[in-house]
Amino acid sequence: MAASDLPRFQVLIDGEWRDPASGKWLASINPATEEAWCEIPNCQQDDVDAAVEAAYAALDGPWRDMQPTERGQILIRLADALPDHAARLAEFEVADAGKNLTESTNFMTFCARFFRFYGELADKVSGETFATPFPGIQAFTHRVPVGVVAAVIPWNNPLWLLSMKLGPAIAGGNTCVIKPSELCATPIIEIVRLMHDVAEIPRGVINLVTGEGEPCGRVLTSHPKVSKVAFTGGPETARHIVANTAHNLAETTLELGGKSPVIVFDDADLDNAVQNVIGGVFAGSSGQSCVAGSRALVQRSIFDEFVDRLVAAAEALKVGDPRSADSQMGPLASLAQVERCEQAVAGAVEAGAELRTGGRRPPGLAKGYYFAPTILTIPNQDFEIARTELFGPVLVALPFDDEAEAIRLANDTQFGLAAGFFTTNLGRAMRLSKAVRAGIQWINTYRLGAPMAQIGGFGDSGKSREGGIAAMHEYTKPVTVWINTNV
Ligand code: NAD
């Protein structure tokens, strides 16, 4: 099929759906079929400028005077509409990124909760009053929007990651320019359509540009009229974003990657631990999750038995068509992701790792960017595969002897996003919680989340926090007002 025969999506700028000014388009490849299924605008400088100008102008329009409760209603209308559109939005995630259809459809309820949470918070943001040292002088703060927010989104969980940015941004009265990943833009385009058509967001408050990091992402994040960049993605891109914001001095929130440890002690409920370690690294999007528990640290006394059980559980996972209700793991999002996993596994084996299962494209699947659930054992962490975020279904397991060694190994990484502790010793779990440098921790479970609970990391996992009530302070700023009551 010629590229021009593919369905084309448009971007939303100043309340109008538009083709890219440049006339350039990008094809989106379905990872399960390896075929292009649609085209999205490949926005360049002109489109980004128009989107930011529209967002900037909207800050001074009727939006500024809209009551917070009304702003919140927009988000609540979106949350209300999501269940009716869940199947359709999930179809777009499957077509663009190969996500599991059932899981993706169910996940929309989770996303709706975030939009509702921030909708309900919109009118609960308040300032402070001060006891001033001056007679007759009062002082207080009220909170105002930060300005134009650039929301830059990765491909693996686009709608949820958008909800954590758009929710507090809209509730706080900001205007936005959203830039989804070029690998998974259509679900974002479609939710923006819902914001526009169903939730009735005023013109210019939300704008959408699609395209590649260069130039689209760079132009957006360095634009002089952008006041805040809310970014989720990889650490290398984050370094570019920080450099870009040297131009506009925009505030940043950076939610980045991880190489998260799951620590299993010999007193753990092992059935529960196996289930959570397997779910923690292979579920979600076939390991393409920022919190994937991709390093299993297992106490030496149970190491062999536990790894055998992990291998059996991994081999029982059904890899296949993401649209099939039987499939537990679909393809990876791109061929580059598959090649990255293949190369990393080959390099690890050459360096002395033992490949226990997987490490290749699963047999019997003629097409699609599939990679089998993979488990390697390594004797220590001096292996590149123990340090690099692969963003694929690859687990490395290594033994430790005692609690002190487990903590040392867990922290021996440049990342610090998530960690799981499996033990029935509560005192030990709490000691680990203090000692392990990870912003999200689970004890005897993994991967739970909810809008009121913040997420975020340390080091190369980013230094910010997203979610929770506190996000309302990230998306509003205090203005201090002094009043002379003596006149
Ligand atoms: P990525 O960093 O390649 O891309 C993220 C976004 O940044 C995309 O929209 C991309 O087009 C844009 N971009 C790329 N270069 C840019 C530039 N120079 N300037 C501005 N924008 C630019 O990430 P990805 O491959 O889409 O996603 C995977 C990464 O995201 C992983 O590292 C994963 O761990 C991380 N992630 C983190 C979280 C979290 O909450 N901490 C959640 C999901 C994913």
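For ligands, and for the atoms within them, numbers begin at 1 and follow the listed sequence. The shown structure was predicted, so the numbers you read here are calculated from the model rather than taken from an experiment.
- When only modelled atom types and interatomic distance are considered, T221 and N244 share a side-chain donor-acceptor pair under 3.5 Å.
- Counting the atoms of ligand 1 from 1 in the order shown, those under 4.0 Å from a heavy atom of I455 are 40 (O).
- The protein heavy atom nearest to atom 28 (C) of ligand 1 is F391 CE2, 3.5 Å.
- For the pair L256 and ligand 1, the shortest N or O to N or O distance falls below 3.5 Å.
- Using modelled atom types and a 3.5 Å distance limit, the side chains of N248 and H223 yield no donor-acceptor pair.
- Salt-bridge formation is not detected for the pair R340/E389: no Lys NZ or Arg NE/NH1/NH2 atom is positioned less than 4.0 Å from an Asp or Glu carboxylate oxygen.
- If you look at T232 next to ligand 1, the close heavy atoms, those under 4.0 Å, come from the backbone and the side chain alike.
- Under a 4.0 Å criterion applied to the non-hydrogen atoms of N156, ligand 1 contributes the atoms 43 (C), 44 (C).
- Remark: of the listed residues K99, M329, E93, K99 is the sole one forming a side-chain contact (heavy atoms from CB on, under 4.5 Å) with S285.
- Interface of F231 with ligand 1, defined as ligand atoms under 4.0 Å from a residue heavy atom, comprises 2 (O), 5 (C), 6 (C), 7 (O).
- Between W442 and F422, the gap from one ring centroid to the other reaches at least 6.0 Å.
- Nearest to atom 35 (C) of ligand 1 among the protein's heavy atoms is G233 O, 3.2 Å.
- A donor-acceptor contact under 3.5 angstrom links the side chains of K165 and T232, judged on distance only.
- Ligand 1 does not have N157 within reach: every non-hydrogen atom of the residue lies 4.0 Å or more from it.
- For the side-chain contact (heavy atoms from CB on, under 4.5 Å) criterion with L220, the lone passing option out of V52, I241, D47, V229 is V52.
- Ranking the protein heavy atoms by distance from atom 27 (O) of ligand 1 puts P154 CB, 3.2 Å first.
- Looking at V48, L12, N207 one by one, the single match for side-chain contact (heavy atoms from CB on, under 4.5 Å) with V177 turns out to be N207.
- Close approach to R218 involves these atoms of ligand 1, each under 4.0 Å from a residue heavy atom: 19 (N), 20 (C).
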Test salt bridge (Lys or Arg N to Asp or Glu O under 4.0 Å) applied to E34 and K367, step by step:
CA-CA 7 Å; E34 302 184 25; K367 271 198 163 185; over 6 Å; no
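- By the 3.5 Å distance cut-off applied to N or O atoms, I241 is not counted among the residues near ligand 1.
- Residues D96 and S28 bring a donor and an acceptor atom of their side chains to less than 3.5 Å of each other.
- Residue E214 places no heavy atom under 4.0 Å from ligand 1.
- Nearest protein neighbour of atom 20 (C) of ligand 1, counting heavy atoms only, is G217 C, 3.2 Å.
- Ligand 1 has no nitrogen or oxygen under 3.5 angstrom from a nitrogen or oxygen of E212.
- Under a 4.0 Å N-O distance rule, the pair R361/E342 qualifies as a salt bridge.
- A donor and an acceptor atom, one from each side chain of D19 and Q10, are located under 3.5 Å apart.
- Comparing T237, L417, T253, V242 against atom 14 (C) of ligand 1, the shortest heavy-atom distance belongs to T237.
- Close contacts between ligand 1 and L161 involve ligand atoms 42 (C), 43 (C) [criterion: under 4.0 Å to a heavy atom].
- For Y446 and F421, the ring centers are positioned 6.0 Å apart or more.
- Protein heavy atom at the shortest distance from atom 34 (O) of ligand 1 is E389 OE2, 2.6 Å.
- Scanning the protein for heavy atoms near atom 12 (C) of ligand 1, the closest one is V152 CG1, 3.7 Å.
- Between the choices A243, G213, C290, the shortest heavy-atom distance to atom 36 (N) of ligand 1 belongs to C290.
- Ligand 1 has a nitrogen or oxygen under 3.5 angstrom from a nitrogen or oxygen of W155.
- Around atom 18 (N) of ligand 1, the closest heavy atom drawn from E236, H240, E182, Q288 belongs to H240.
- Remark: among candidates L220, V291, L254, N244, the nearest residue to atom 19 (N) of ligand 1 is N244, based on non-hydrogen atoms.
- Between R239, E255, K179, it is E255 that holds the heavy atom closest to atom 40 (O) of ligand 1.
- At least one heavy atom of P180 sits closer than 4.0 Å to an atom of ligand 1.
- Residues S289 and R447 have side chains that bring a donor and an acceptor to within less than 3.5 angstrom of each other.
- With ring centers used as reference points, Y118 lies 6.0 Å or more from F114.
- For the pair I153 and ligand 1, the shortest N or O to N or O distance falls below 3.5 Å.
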